[in-house]
Every structure is written in C-alpha cells, then in structure tokens.
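Structure, as structure tokens:
Proteins get letters first, then strands, A, B, ... in listed order; numbering begins at 1 in each.
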Amino acid sequence: MLPTETHPQTQRNRPALNFAARRPWSTLALLIAAVLVVGAGVLFLLNLKAPGLLTGAVVAAMGDPGQAPLILKAGLLHYLETAWSCAPWMLELTSIFIVIGTLLSVFGVIFALTSLVERKMLARIQNRFGPNRAGPWGLFQPLADAIKMLTKEDIVPTGADKVLHLLAPITMLVPALLVLAILPYGPGMVPVELGVGILFFFALGATTEVGVFMAGWGSNNKYSLLGAMRSIAQMISYEIPLFLAALAVVMLSGSLSPDAIVSAQDGYVFSFVPHWFVFTPWGFAGFLLFFTAALAESNRSPFDLPEGESELVAGHMTEYSGFKYAVFFMAEYIGLFAICGFAVTLFLGGWHAPLPWLEWIPGYLWFFIKLYALVLLAIWVRGTVPRMRGDHLMGFAWKFMIPMGFAVILAAAVWHYAGGGVPGWLASAVIVLMPYLALGRVVAIQYPASRRVYRFSES
Amino acid sequence: MNSLFEIIAFLLIGSLTLGAAVAAVGLRDTVHCGLSLAVVFVGVAGLYLLLDAEFIGFIQLLVYVGAVAVLVMFVILITRPEDGVIQQPDRRRQKLPGALIAAGIFLVTYGAIMQSPSLRRDVPEPAALSIRAVGEALVSGHLLPLMAIGVLLTTALIGAALFAMEGEDGK
Amino acid sequence: MNPSATDWPKRSADLSDDGILEISMGPQHPSTHGVFRMNVKLDGETVVWLKPVFGYLHRNHEQLAEKMSYFGSMPYTDRLDYFSSLSNNWAYALSVEKLTGIEVPERAEYLRVLLAELTRLQNHSAFLGFLLGDMGAWGSVLMYAFRERDLILDLFESLTGSRMMCNYMRFGGCRCDLPAGWLAQARKVVDDYPAFLDEMEQLLVGNEILVARTQGVGVLSGADAINGGLTGPMLRASGVDYDIRKVDRYGIYDRFDFQVPLGAHGDTYDRLMVRLLEMRESLKILDAVLREIPEGPILDPKSKSRGLRPPVGEAYARLEAPKGELGFYLISDKSPEPYRYRVRPPSLINLTLLEDMCLGSKIADVMVILGSVDIVLGEVDR
Amino acid sequence: MKQPLILPGLGILKGMAVTARNMIGSYYGRKRLHTISYPEERLALPENSRNFPFLVYDGDDPEGGLRCTACRMCEKECPPQVIYIKPERDENGKLTKHPTVFDIDLNACMSCQICVEVCPFESIKMDSAFEYAAYEHFESLVLHKSDLAKSNTYYHGIKPTEATAVDANLEAERQRKAEAAAKKEAALKAKQAAAAANAAAKETPPTSDTDASD
C-alpha cells in the first residue's frame, strides 16, 4: 500500500469530516449526558406529585437488576394509582401499554442498530469501512435512512390495486410484531402467558404468505407476481422443516408453552455444560435445521431468491418506494428477530446463563445477547455464500431438510427413552449422522461436488 | 359476567367477521373476495380465542389463513381469464328470489336452534381443555382415524404431484 | 443434459405458443459487464431461445484508426479491453513490428512479458469477483479480488503513469524504463499473490452452493468450442490444448517453463478453475522474469514512432490476451495512416456461442454463464 | 475408487472461515482494510502518474519564461485533437516563437501523454492534479495558457527525477548550441581573417606585380 500523505495538489475547499465523525467519543458522551439529564428532569417533575415513590422504585430496580423491568413497572403503576388516583381499568390498560411500549421501543432500537451493524459488518468482511460519516462511527445512519425513506415519494403504480398495495406491508409487519409478545424474555417476564405459544408462532408465521401475495398482486406487475409466487412456494416448503425441528423440542419438553420449554433447559451438567437442547446430538442437528429454515423463511442470504433475481423477475417488493418500502424493510428485520428469538427459546435455553458463575447478569440480557449472536451469524452467512438457484432451493428443502427433520424427531425420541445417558447420546448421534451422510450423497449426486483433478498440457 | 373488555372484543370481532363475510360475497373483484374470505377466517379464529379454545383458534389460524386462503388465491389466479374481465351476472332480476331463499333458510335454522334441548340446560362449566388432553385422546382413543387421515393425505399428495408433473411436457 | 450445439442451431420447435415468455435482460444490467442486452424466450423456467444484443459501446475504433497515424492510435488500444490495456498495446506493437521489421531489445522483451502476465493476474482476479457477484455473493469476493488488483494497478501507475490506460508499448520497445524500487515492489506483489489464491480456493472450490450453481451449467463440448472459434480459457476449459504462448512462442515465452491447465467438462466450474490455475502459472513466469530481467536499452533507437511510414504490405500478429487470442491485422500503403486496421476481439467471438451454452439451462444460470465467458464490452463493440 | 466422504455444508464452513479471517483481520493493520476516506486522507500519487498536461515556464515570469515556441507539433500529433495554438505575430506580421493562445479542452483530453513525447522543446509535461470537477463544460474545463502555465519549480515538486533529467538535457542542449555558435563564430572569424588576409594579400601583391609590370 502506498504511504498516505497529502500531495501538493490543488487543495479545493474540501468539506472536512463533520464534528461527530471526527470526534466520535466526545459526541457519544454528549449524547448520553443529554439523555440522562432529560430523564432525571422528568423523574424529578413527576416526583413532585408523590415524593419518594418513583425514586424509590428506581433505586429498588437498581438493587435487583434481574427483576428490574418488573419492579419499575410495579413502581410506576403504584405511583399512578397513588399520585394520579387512576381507576382500576385505567391501570390495567396502562400496564398493557407499558409492556407494548417497552417491546416496541426495544425492538425498534435493535432494528435501527441492526440496519447499521449489517452494513458495517458486511463492509468489514469486504475489507472496507462501512458507513462512518453520519454521526459517531455512523450511528446516525439509521436516522438518515429513516428520513430518506419518509421523504421519498411513495409511488403507487398506475392500475395497481391501491387497497392491496397499501395493506400488503401491514399484513407483513403485524404478524412479525405480534409474535414478539410470547417470547420469554426473562424469568417471569413473558408479556403474554400462552399455553400454546409455539402454535401461535407458526400460525402467525403462516399469515405472512398472504401478505407476500397481496404485495405481488397489488403491484400490477407481471414479474412481481411471479416473484411473489416463487417466494410463497419457498416460504411454504421451508415451514415444514421449521415445524419438525420445533416438534422435536416440544416433544422433549412436553409442552407447547415457551416458558415451559425454557425451564426444561435449566440446570447444568458437570457444573459447566448447561442443559440446553443444542448440546444434545439431535438438538444440535435440530438447531441447524431450524436456523437454516429460519433464513429461508425470512428470505435472507442464500435463499434471497426473489429480491436477488431483481434483474430478471422482480421481487414482490419492487413496486414499493418511500414509507411502504420502509415498512417492508422493518417487517423483514423484525421477522428475523422473532424467528431468532424463537431459535434461542427452543434450542439455546432462553434467558439461562451459559455458565453457573455468569448468572449474576440479568436474564433478559442473556436473551438479547444470544438473539443478537444469531442475527450476526445471519449477517456473516450473507457476506459469504452465493445465492441458491430456484430448483436447488426447493430440492434442498424437500430432499434434504424434511427427511433430516424426521431423523431429528426419531433421534430425540431415542435420546429421551434411553434416559439421556451415554448410550442414549450415542444412539441419537448415530440416528442423526446416518441420514446426514446418506442424504448428503443423494443431494450431492444431483450436483457432483467431487473434487475435480485438472490435467496440464504436456508441451 | 365477563369483563367489559371481552364484550367490546366480542362485538368488534363479530362485526369484523360479518362485514368480511358480506364483502366476500358482494365485492366485484374476485381477489378482493378471496382476501376478505381470509379476513373471515381470522375473525373466526378470534372468536375461538374468545371462547378460550386456544388450540382450535390457532389451528384455525394456521390451517385456514396460512394454507387454505393462499390456496384460494392460487385457484383464483389460475382460473382468471387472460384479459382479466370477469362477466358479472346481472343482479337486478335476482334480488327478490335471493331475499326469499335467505329468509327461508334463516327461519328453518332459527326454529331448529330454539327446539334443541341444549338451550334449556344451564351452561355447563367449560372443562379445562388442555392440549395434552387433546393429544392423548388423539393418540390413544382415536389412533385409527388419525392413521387413516395420514394415509389419505399422502395419497392426495402423491396424486397432486402426479397431476403437476403430467401437465409439464406429457412425459 | 444441455442439447449440444452440433445440430446447429438447436431451437425448440414452436416458439409462438402462449406458454413462451419473452423478456429482455439489460442493457443497464446491474452486474459489471457493461452495456449488453439479451432477449430471452422462456418456457417456464428453462431458456428456449436467446439473442444477444450488443453494439451500445461501438466507438468506431477501426474506422478512426484508418484516419490516424500508427502512433496516434496506440492510446486507443487501451480502450479495447479496458481490463488488460498492456496486452492490447503489446498486440498492436507486435503487428506494427511485424509490418516494419523493427527489432525489440532484450530488456524490452522481458518488460513486455512481465507486464502482460501482471495484466493476466489482475484480469482473472477481477473475473473471479464479477462471477461471484453475478451469483449473488454480495461483493465479498469482488472486494478481495479488487484489493489484490489494486496492488498491481499501483505498479502500473508508478511505471506507465495511469492505472488502466497505460499507453506504454512503442513500436520497437517500451516508452520509459522502470523507476527506482519498482522491481522490489513488484517482487513483493508477486510473492504475496499465492496467499490470495489459496484464500480464494478455500472460499470457492468446495462451496456447495457455488458447485451446485456452476457444475454442469453452460456446458460446451470441445468440438463446439473449436467450431465456434473460441480461444483462451473458454477453449481450454473444454479440454482443447491451445495456448498461443505455446503455439506461436512469440516474444520470449519459450524461455520460461510453465504449463497450460485444461478442463475436462467444459462447464462454468471448469472455466473458473482453469483461470485460477492459470493465475498460478503466470506467477511462475513472473517469478522467473523478475529474476532474469537484464539491463540495457528499452527502445530500439532507430525506430521512430512519429511519422512512421511502414512499407506497403499487410501483417497479422496475435497474442494470448487474458480473454483469448487478440489479433491485429494491418494493411499499409506507405502512407502515415494504415489502409486497413482490424482487431480480432476474443470477447466477441467467445460470446457468439452464448445461446448454445444457455439453451436448456435455467434463467438464473444465464447470468452465471455470461459471467463465465468473461466479456468486456469495450472489446466486443470496439 | 472409493467415493470421497461428502460432508454437505463443510465447503460453506471453510468459506465462512475465510470471511471471518478477513473481518477480524480488517481491525489489525491495513492489509485487510485497503480503502481510505478520500477527501481527508489522500493516496500519494506515484511520481510517474500523469493526468492532464501543463506548460512549463522557466524563471518566474509565466509569459516570458514559457518554453513553448508554438511549433504546433503537439497540436498535429494529439489523437483526439484537443490542443489549439495561435502563434504570436509581431508588428510586421512575422511569426514569433511564442503562442498567444494555447487552449487544451479537458473534456476530450484522455491524458495519453503523446503531446509530451513529440514536443521537441520539453515545454509540455503531464501534471498529476486530477481534481478538475466543474459545473459546466466550456468555461471551466477548457484550460487557457494562463491556467496551463506552471513554473519549473512546481514541475520539480511533483516529478523530481524527471524534472532534473529534463533540466540536464536542456542544459546539455544549451551547451551544445553555445559551442556550435562559438564554433560557427570561430569559423566566421577564421573566414573573415582569411578574407582579410587574402584581401591584404591582394593589396600587397599589386604593389609587387606593379613593380613587375612596369
């Protein structure tokens, strides 16, 4: 690399890096200070009404971080009841809105963060910097994107079905947001106690196909309809391996409620290997199956057939611009978070800490750390692997994923009835490995991956 | 009785379902009809949930909205005439006979419901139906029908595959 | 299996029935081949008819050269295949030297081989990046390829003055000699290159999705390749042993021992692998050249480039450009401007068989097959 | 031969190892992070890098010290014909060795550096300034003599070795011319001396042959 130093060039009036990009640390400190001051101010004002209540709740929350959100919520409700003397039904309503508010804001922030982290991680994989001009290390880039998306003109193609064109992004976003309600974020912190959480997740997962169809049909464009059809076929055929992997876990933990599944994964073996399902042979295969099917379900990297073929058959989102496209974009990301959240709940032990002496970190932090690890894995895969072709994609689902799903269920059964000891472990490992190798050969014969030896000319 | 919320919820969902059902029948564009049918399914699922039958509610949501609605959409697309113009039946002459038939059916069903003995008995406390109970009943008591349905479905699947392949190039 | 092109041209019988979908791909194609369009007829997913449409980048290069002095059209040869400008310069200089019989000093010959092989390296790396980009790998391989290519372009810039438009060869030698420290920098680049190639092989060769998308795709048998007049890595991937460096032994290529890799199946995977192995062979040549380059004059003093009036006659000289056999055919009538100036563009001739490679394959493969042909529109349209 | 053990997914894992190495590597050292943030950091252009031509003038007077003698050789040889020269004519219409107008149209100039090769007076050289973005084609992208003329010291600034070589052979040229002039002068003087000598010889012989003839 040639040494970089300024060259006696005509120094035109070049815009120097803005303050935020030049001194990132000080800008960040400024920002955090501002937020703290505003928060303290609001707290102080509210506190005047009923002295000592709110601050007491905050101090209590500080004391026990594990249950901090619950304590804060109880404190706030108590404050509302005493200071503003609200009616009981009003309190019930506000408690629901508190939960909704925190969920939406937390996942909103993660969505904004991920759109930046994705671009920066892909950039770093490709040996370049990634956005670093808007704000410190590019932290304001999501803000800039949001403003751009909102101010862009929202074009509705002529002859398009306006109602469907408008409803499609909504039917994509709403199920993704609803699914977030049943994930167990921490001990006792499950927004909605559902006995059939897993079923709820798959039911709402199925409704996104209707949204894709509406998008394809509403854009009045032959190619976006074709794209919608292909992505519906892909989503349906990849839902089955998703079911099978989740079925194995439900079978083992004996219940459909996510909370029960997470509590089934409590405790440690040999005091440092946690009871997570991913550490069992069938669990590991099931997790890989679930995660690959999750990538296909949310149209991410190796399976991004519809939007990847944009130069040929337009994806179903092509006729959208401005705010509706932003909603699609958000629906895709929230869908990815939801399905990664589920992978964490089913296989990676929900909010349990990986090591016993790490349990002082609050549960909900563990949940989000693991969730974000899976999101980063998805980004990493996106930066490496080329796109699968249409027929390979379908062949892979039906010829490899579904048979492997049955094998995982069988292995889980064997593991369970063999009492989980070493023989059970080995038996289920064999039951998983045999079809993997056999199917690998079947799938490989379709495209021979045998190493080719190249001869050289003699002259 | 049940709380204020549930009454509001019931009214909301009930009207949604009814409205969607009327739309499914009345709208001109078949695709809109198909989609309002999907909304009807969602409404029915909501009603199930209101009755605390969670399992049936989510199965309804999963099977009907996820699969049947999309299937209906595919069927509508395949059978659309190329130029997209759908001959609408002229509705003027059919209004009177339609109303008569509707009234007749309503009366018959109303009479049957009123005579049925179940109305006289007080509403029994709903048994706490858990998924586990449904599962065990399915596998133990009704194993034979379950297996029969399985075989039926596989033959249907294979049949569908054959149809699809045949259409390709006559091989 | 793909219908082979021997029953030429194989088209499905009825193209008119309504099941056929006609689409046009390009010319503003998002991948990097430049302005190139294809009209494709699809029966469902498979391609039944394909017509490439090019000419969007036609700049009247040959007619222009007939109105310009021999020396004046040397910079225009950089714009033919703008990924390998030094090979184009050398081919043009070779044909004028054949016409006028000017001798080329020893050091200039070594410089020419050195720069031509460096051009082949950066061209094949760029090809690798673009092919993976077509397959949807979001530019990771492209950025790695461009990272290495930049090192070579920095070498070109410090020697010839420009990264891609070098305009460096003159009739009878080269324009200017190596600046201080250039050879050491070149030695460093050549020594670091195998690490990049190993990294690429680890990333690509076993990758199941890449294998699935390239093996058995765009198959071309050796006979069809020869009938179609293909040359270069495309031909060798179909198993035909024809490398002009070994056939003509032009310049001083006979002094270096290097081998020519040959494919066996003639599909996109082989084209990818042949180019990867070719890069390793070029590294061997570069290693030898950097060791043996002698001192001495770089331009034959009695050769004059301005006001050159070659004797009446014609000459055709060709060399192994990264894309195939690049040839220049000149007819001179003793006037300062050539009477006829013709370029044999390897990209265009390799492109003619595109339809035969794509018949029967899926529409998603058309992009990959076009990528594997490695065309540059500057050379196709001239 | 025994079918090789095919582990589907292994190739992808190896590929992911490569991207991981690149990502982590990009945080340590510039080998795996080769982009620079352009306007603030700039790559040092190598000495030979050429962009658009400029005219060299010696001393510090851009008008007087201009080396260009308006021989229009570069105008004729330039492939895209972007150079336009109007030589100066003094009062009685005789060409002087100085251009009044010397325009280069940057829109079409492809910086191919042929003008530098054909210039016999080392007066036009290639600059490496590339920041010529402008809002319209004609006023700001057609450089006139005043924009083109740059001092020899600037030339030494951007291309030291080339500039010293050019100065060296200019110096050699001047010496050779000086010697040639001196030799010519000496020859002239010798001729005059000879002419004077034989003229003197002519006067002296008449005196002698008059003696003989009378």
Fill in: Minimal non-hydrogen separation, D:Glu117 against C:Phe71, with atom names
OE1-CZ, 3.6 Å
Practice prompt. Can you establish whether the number of heavy atoms outside D:His137 located under 6.0 Å from its atom NE2 is more than 12?
Written response: no
Response to the item:
Applying a strict 4.5 Å limit to non-hydrogen atoms, the region of C:Glu201 in contact with chain D is neither
Worksheet item: NZ of D:Lys31: more than 12 outside heavy atoms within 6.0 angstrom?
Response: yes
Discussion item. Shorter than 4.5 Å, heavy atoms on both sides: which option in C:Met143, C:Arg170, C:Arg163, C:Met165 has the most such pairs with chain D?
Written reply: C:Arg170
Worksheet item: Under a 4.5 Å cut-off applied to non-hydrogen side-chain atoms, are C:Phe156 and D:Pro46 in contact?
Response: no
Discussion item. Using heavy-atom distances under 4.5 Å, tell me whether C:Leu204 contacts chain D through its side chain, its backbone, both, or neither.
Written reply: neither
Worksheet, complete the sentence: Greatest number of non-hydrogen atom pairs under 4.5 angstrom with chain D, of C:Met68, C:Lys67, C:Arg79, C:Met74, falls to C:Arg79
Discussion item. Taking CG in D:Asp90 as the centre, count heavy atoms belonging to other residues, nucleotides or ligands within less than 6.0 Å. Is the count above 12?
Written reply: yes
Discussion item. At a 4.5 Å cut-off on heavy atoms, which part of D:Met110 comes close to chain C: side chain, backbone, both, or neither?
Written reply: both
Worksheet item: Looking at D:Arg21, D:Gln113, D:Arg50, which has the largest count of heavy-atom pairs under 4.5 Å with chain C?
Response: D:Arg50
Worksheet item: If you look at every heavy atom in C:Glu208 and D:Ile12, which pair is closest and at what distance?
Response: OE1-N, 3.3 Å
Worksheet item: Short question: side chain of C:Arg147, backbone of D:Leu33 - any donor-acceptor pair under 3.5 Å?
Response: no
Item to complete: Could you tell me the separation between the CG atom of C:Asn167 and the OG atom of D:Ser111, rounded to the nearest 0.5 Å?
Response: 9.5 Å
Worksheet item: In Å and rounded to the nearest 0.5 Å, what is the CZ to OH distance from D:Arg32 to C:Tyr144?
Response: 8.0 Å
Worksheet entry | Among D:Glu77, D:Glu47, D:Met16, residue most engaged with chain C (heavy-atom pairs, under 4.5 Å) | D:Glu77
Worksheet item: Out of C:Ser162, C:Ser158, C:Pro179, which residue meets the side-chain contact (heavy atoms from CB on, under 4.5 Å) rule with D:Asn48?
Response: C:Pro179
Practice prompt. Specify which of D:Thr161, D:Val118, D:Asn51 makes the most heavy-atom pairs with chain C at under 4.5 Å.
Written response: D:Val118
Worksheet item: Are the side chains of D:Leu43 and C:Glu157 in touch, meaning some heavy atoms are under 4.5 Å apart?
Response: no
Fill in: Heavy-atom proximity to chain D below 4.5 Å, by part of C:Asp150
side chain
